[in-house]
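Here the structure is laid out as structure tokens; the discussion comes afterwards.
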Amino acid sequence: MLFSKLFIPTLREAPAEAEAISHILMLRAGYVRQLASGLYIYLPLAWRVMNRIQKIIREEMDAIGAQEISMPGLHPADIWQKTGRWSDIGDEMFRLKDRGGRDMCLGMTHEEIITWLASMEIRSYRQLPQMWYQMQTKFRDEARPKSGVLRTREFIMKDSYSFDRDEEGLAASYQKHADAYHKIYERCGLRFYQVQSDPGMMGGATAHEFMAPSPAGEDTMVLCSSCGYSANTELALSVSPQQKLSVGATLCGCPGQAHSTSVGDFEDIPTPNRRTVAEVSSFLKADPSCFIKTLLLIGKEGPFLALVRGDQELHEKKLAKVAGNFRPAQKDEVKDVLGVAAGFIGPHNSKLRKIADFSLKEGIFISGANKEGFHTKGIRPDIHFEAEWHDIHVAQTGDACAKCGAEITIEKAIEIGNIFQLGTKYSLPLKAVYLDEEGRENPVIMGSYGIGPARIAAAAIEQNNDKDGIIWPQSIAPFDVEIIPLDMGDKEIEEIAAAIYSNLSGEGLEVLMDDREERPGIKFKDADLIGIPYQIIIGKKGLKEGIVELKARRTKQAERVAPSDVVKRIKELHSVL
RNA sequence: CGGGGCGUAGCGCAGCCCGGUAGCGCGCCUGCUUUGGGAGCAGGAUGCCGGAGGUUCGAAUCCUCUCGCCCCGACCA
């Protein structure tokens with residue numbers, strides 16, 4: 001393909017609205033343009049990348065026996081009403097009415113539609129299992145679209161659905177998808193992890209996400225390099241390190257400290273105007289891990305206390321699983337319920353229900369005295385307060401793995417795929433049932449599996465770039481090779497460029513030739529920006545010595561190769577990958 | 001939805017505080033010279049200063065409202 005005939009509007013400077021690296025580079029290198037918040041136009045280069053990614057996905061889906069179909073993006077409301085999601089989902093669903101006044105919505109996902117199809121067509125166990133997938137546009141009225149193509153309001157998704165007669169079948173379909181996803185991401189050249197995730201509103205018990213580590217990611221994952229435990233922080237368990245004793249730690253007096261018995265005594269100490277853990281901690285010269293952070297929350301059955309250690313953050317989702325839905329108490333509610341201002345509340349001498357993090361089970365602590373201007377030291381669990389013990393903190397760096405005890409690492413990541421075991425959440429309300437050998441009616445057991453091709457592209461850029469631009473993994477680059485003839489007026493250069501171009505194309509490679517009448521500097525800069533893995537540079541200097549240069553975009557290393565050997569050499573490099 | 005920031009030429013920005021005929025760099029057009037990492041010289045074009053209303057003799061600048069975009073948080077089936 002000729003550069004001069006392709007629309008590649010590169011930008012010398014990054015548009016002000018872009019922040020994420022992938023966003024900046026996609027704009028600068030002429031891959032995308034923004035129509036409105038969360039809505040992007042994919043220009044020729046980006047669309048080629050998307051097509052390559054989708055091709056890889058299709059090949060791997062087909063390989064596990066999934067069948068491609070296509071469902072509408074516009075849905076009637078009544079199916080969504082049957083599963084309850086019409087009302088469960090809020091503003092994130094685009095809703096509209098057709099001319100007849102019927103409620104409709106733009107599909108955010110297709111569980112309802114595919115289950116409707118299964119309910120109409122599947123009768124017998126003989127028809128199971130089935131795996132159906134599609135590449136379809138999804139619409140979600142995101143509260144905050146961000147980071148370019150990473151979080152948009154309209155996006156293409158490969159979504160597949162499995163239908164099995166029982167849980168064993170589901171487990172097999174689920175595993176097939178997990179395996180296929182591994183192959184897809186490997187082929188796309190991404191670094192990634194499979195982590196446990198929260199099924200959330202999707203329903204079902206088991207779910208995993210595929211995560212591409214990147215600082216631009218919105219998710220945080222917990223990884224244990226020792227036992228392999230990996231989970232999204234939205235549910236990851238961890239064990240906080242032991243209480244830290246420093247100079248001032250004598251005040252909380254952990255067991256084992258020489259002077260702990262005397263100074264660890266239960267006693268109120270004045271802490272005027274110090275409310276937060278940070279304030280009291282520096283005032284008393286005691287490590288934050290010596291404190292109990294006491295939070296007043298209002299649950300369905302009234303107010304209760306949540307206790308985490310001073311160096312921890314409360315994990316609201318974990319707590320909600322134990323305590324049901326709750327909300328934080330307002331300032332005046334704290335006064336009303338406890339008779340003291342927030343900042344001075346503690347778990348001892350309080351009759352409220354208490355849910356405490358495991359880390360507070362051992363040690364001696366400082367907490368609010370339930371008395372304005374005072375904190376209490378020497379608080380011992382089970383002696384000075386009783387609580388229900390759970391893991392209700394957010395896992396953080398320095399914590400130990402809940403499975404094996406090794407130190408965990410915490411990493412930001414882009415969610416590039418997810419898989420859910422749905423069970424009967426959709427088949428029951430939509431009556432997708434089959435008859436077994438005995439003629440009994442059973443609900444179909446379902447799974448749901450998604451991949452966002454645009455996120456794969458963005459993650460690939462986030463993981464592969466340098467100061468000059470994108471460095472595409474070979475498999476998903478818009479082209480395999482870019483030919484850069486430095487002087488389009490020169491006959492010899494043009495002829496050799498044309499010959500190499502046709503030979504490479506003849507080998508089935510996708511080739512971009514920068515045939516523009518531009519200065520060398522501009523061609524080099526654009527080539528690096530666009531990020532095609534190999535550049536063949538043809539200039540007078542080299543030809544005088546009988547060579548052209550073959551440069552790898554990633555390393556910037558140039559090999560001097562005879563024009564007649566270039567095609568062979570490129571093929572060698574390709575076969576390695 | 002809460003907090004913050006920004007809308008001035010195609011892109012990046014200055015001007016706004018302190019009102020007085022809108023500027024810089026890059027890009028674009030023409031010509032000549034150049035041609036291995038975003039060329040040089042000369043000439044040229046380009047603005048509803050996001051929109052509406054108000055204050056004023058006069059508004060990019062001050063006030064009110066509104067729309068859009070970005071960032072942090074909440075949310076994210």
Side-chain angles (χ1 to χ4, degrees), chain A residues 9-20 23-24 27-30 33-40 80 83-93 105 107-112 115 138-148 150-153 155 157 159 197-204 207 209 216-219 232 234 313 316-317 327-328 415 418 420 422 425-426 448-450 452 455 467-469 484-490 493 514 516-530 535 537-545 547-549 551 556 558 560:
Chain A
T10 59
L11 264 23
R12 182 190 277 249
E13 282 166 295
E17 68 264 18
E19 188 105 336
H23 189 196
I24 292 172
L27 288 168
R28 277 200 60 206
R33 287 295 183 261
Q34 187 185 62
L35 172 65
S37 181
L39 298 173
Y40 284 84
W80 286 80
T83 60
R85 287 164 112 193
W86 180 262
S87 51
D88 289 348
I89 295 167
D91 292 338
E92 209 160 312
M93 185 188 271
C105 65
M108 322 177 54
T109 176
H110 283 76
E111 279 79 14
E112 275 76 2
T115 309
K138 310 291 183 205
F139 299 89
R140 296 182 187 179
D141 196 358
E142 288 288 347
R144 183 146 95 86
K146 59 188 279 201
S147 307
L150 275 177
R151 187 163 209 86
T152 55
R153 295 192 291 177
F155 59 96
M157 180 162 144
D159 48 322
S197 69
D198 187 347
M201 297 272 290
M202 278 296 247
E209 286 165 339
E218 301 177 275
D219 287 277
N232 192 312
E234 66 192 8
E313 287 298 318
E316 297 188 2
K317 271 191 185 167
R327 60 170 178 84
E415 183 188 346
N418 50 41
F420 299 92
L422 299 175
K425 164 150 177 145
Y426 301 92
S448 155
Y449 318 88
R455 282 191 171 183
K467 65 173 178 22
D468 293 315
I484 306 175
L486 290 183
D487 188 344
M488 284 312 289
D490 187 291
I493 290 178
D514 194 346
R516 295 175 302 168
E517 303 274 355
E518 289 287 359
R519 304 172 62 80
I522 290 178
K523 294 191 179 186
F524 289 138
K525 287 287 182 194
D526 275 348
D528 288 349
L529 233 198
I530 289 165
Q535 301 170 5
I537 299 155
I538 307 172
K540 269 187 218 157
K541 262 199 225 163
L543 287 188
K544 244 179 228 160
E545 302 165 37
I547 61 109
V548 298
E549 283 163 68
K551 191 156 96 181
K556 297 267 178 89
R560 295 157 59 85

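Sequence lines set the chain letters: A, B, ... in the order given, protein chains first and strands last, and positions in each chain run from 1.
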Which part of the nucleic acid does [X] contact within heavy-atom distance under 4.0 Å: base, sugar-phosphate only, or nothing?
X: Lys146(A); answer: sugar-phosphate
X: Asp526(A); answer: base
X: Glu92(A); answer: base
X: Glu517(A); answer: nothing
X: Gly542(A); answer: base
X: Gln34(A); answer: sugar-phosphate
X: Arg28(A); answer: base
X: Ser147(A); answer: sugar-phosphate
X: Ala18(A); answer: nothing

| Donor-acceptor pair, Lys523(A) side chain versus Pro485(A) backbone, under 3.5 Å? |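 Such a contact is found between Lys523(A) side chain and Pro485(A) backbone.
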| query | Short question: side chain of Arg153(A), backbone of Glu142(A) - any donor-acceptor pair under 3.5 Å? | reply |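 The answer is no, because no donor-acceptor pair under 3.5 Å joins these two groups.
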Taking [atom1] from [X] and [atom2] from [N], how many angstroms apart are they, rounded to a whole number?
X: Asp219(A); N: A74(B); atom1: CG; atom2: P; value: 12 Å
X: Phe420(A); N: A77(B); atom1: CZ; atom2: P; value: 7 Å
X: Arg33(A); N: C69(B); atom1: CZ; atom2: P; value: 17 Å
X: Lys467(A); N: G38(B); atom1: NZ; atom2: P; value: 12 Å
X: Leu543(A); N: G36(B); atom1: CG; atom2: C1'; value: 12 Å
X: Glu316(A); N: G73(B); atom1: CD; atom2: P; value: 14 Å
X: Asp490(A); N: G36(B); atom1: CG; atom2: P; value: 12 Å
X: Glu142(A); N: A74(B); atom1: CD; atom2: P; value: 14 Å

| said: Between G5(B) and Glu17(A), counting only base atoms on the nucleotide and side-chain atoms on the residue, is there a donor-acceptor pair under 3.5 Å? | reply: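 No.
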If [N] has a Watson-Crick or G-U wobble mate with both distances under 3.5 Å, name it; if not, just say none.
N: U55(B); value: none
N: C17(B); value: none
N: C11(B); value: G25(B)
N: U30(B); value: A42(B)
N: G2(B); value: C72(B)
N: U35(B); value: none

| For Ile538(A), the option from Ile484(A), Leu543(A), Ile547(A) that meets side-chain contact (heavy atoms from CB on, under 4.5 Å) | Leu543(A)
Report the nucleotide, chosen from [options], that has the shortest atom-to-atom distance to any side-chain atom of [X].
X: Trp80(A); options: A77(B), C69(B), G36(B); answer: A77(B)
X: Pro520(A); options: A77(B), G36(B), A39(B); answer: G36(B)
X: Arg144(A); options: C72(B), U35(B), G25(B); answer: C72(B)
X: Phe524(A); options: G36(B), G73(B), A77(B); answer: G36(B)
X: Ile89(A); options: C72(B), G12(B), A77(B); answer: A77(B)
X: Arg12(A); options: G27(B), C71(B), U34(B); answer: G27(B)
X: Lys525(A); options: G36(B), C69(B), G38(B); answer: G38(B)
X: Ala16(A); options: A77(B), U35(B), G12(B); answer: G12(B)

Separation between the [atom1] atoms of [N] and [M], rounded to whole Å:
N: G36(B); M: G31(B); atom1: P; answer: 23 Å
N: U64(B); M: C26(B); atom1: P; answer: 39 Å
N: C6(B); M: C49(B); atom1: C1'; answer: 14 Å
N: A74(B); M: G47(B); atom1: C1'; answer: 40 Å
N: C57(B); M: G68(B); atom1: P; answer: 35 Å
N: G43(B); M: U61(B); atom1: C1'; answer: 34 Å
N: G40(B); M: U35(B); atom1: P; answer: 14 Å
N: G15(B); M: C24(B); atom1: P; answer: 15 Å

| So which one's nearest nucleotide on RNA chain B is more toward 5', Pro15(A) or Ala143(A)? | Pro15(A)
| request: Between Lys317(A) and Glu19(A), just flag the one whose closest nucleotide in RNA chain B comes earlier from the 5' side. | output: Glu19(A)
Does any part of the side chain of [Y], heavy atoms only, come nearer than 4.5 Å to the side chain of [X], both counted from C-beta?
X: Arg516(A); Y: Asp526(A); answer: yes
X: Asp468(A); Y: Phe524(A); answer: no
X: Gln34(A); Y: Leu39(A); answer: no
X: Arg455(A); Y: Glu415(A); answer: yes

| request: Ignoring backbone atoms, test whether Ser37(A) places a side-chain nitrogen or oxygen under 4.0 Å from the OP1 or OP2 oxygen of C70(B). | output: yes
| side-chain N/O Arg519(A) vs G38(B) OP1/OP2, d < 4.0 Å | no
| query | Taking atom types as modelled, is there a side-chain donor on His110(A) or Lys138(A) under 3.5 Å from an acceptor on the other? | reply | yes
| Electrostatic pair Lys425(A)-Glu111(A), nearest N-O below 4.0 angstrom |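 So Lys425(A) does not pair with Glu111(A) through a salt bridge.
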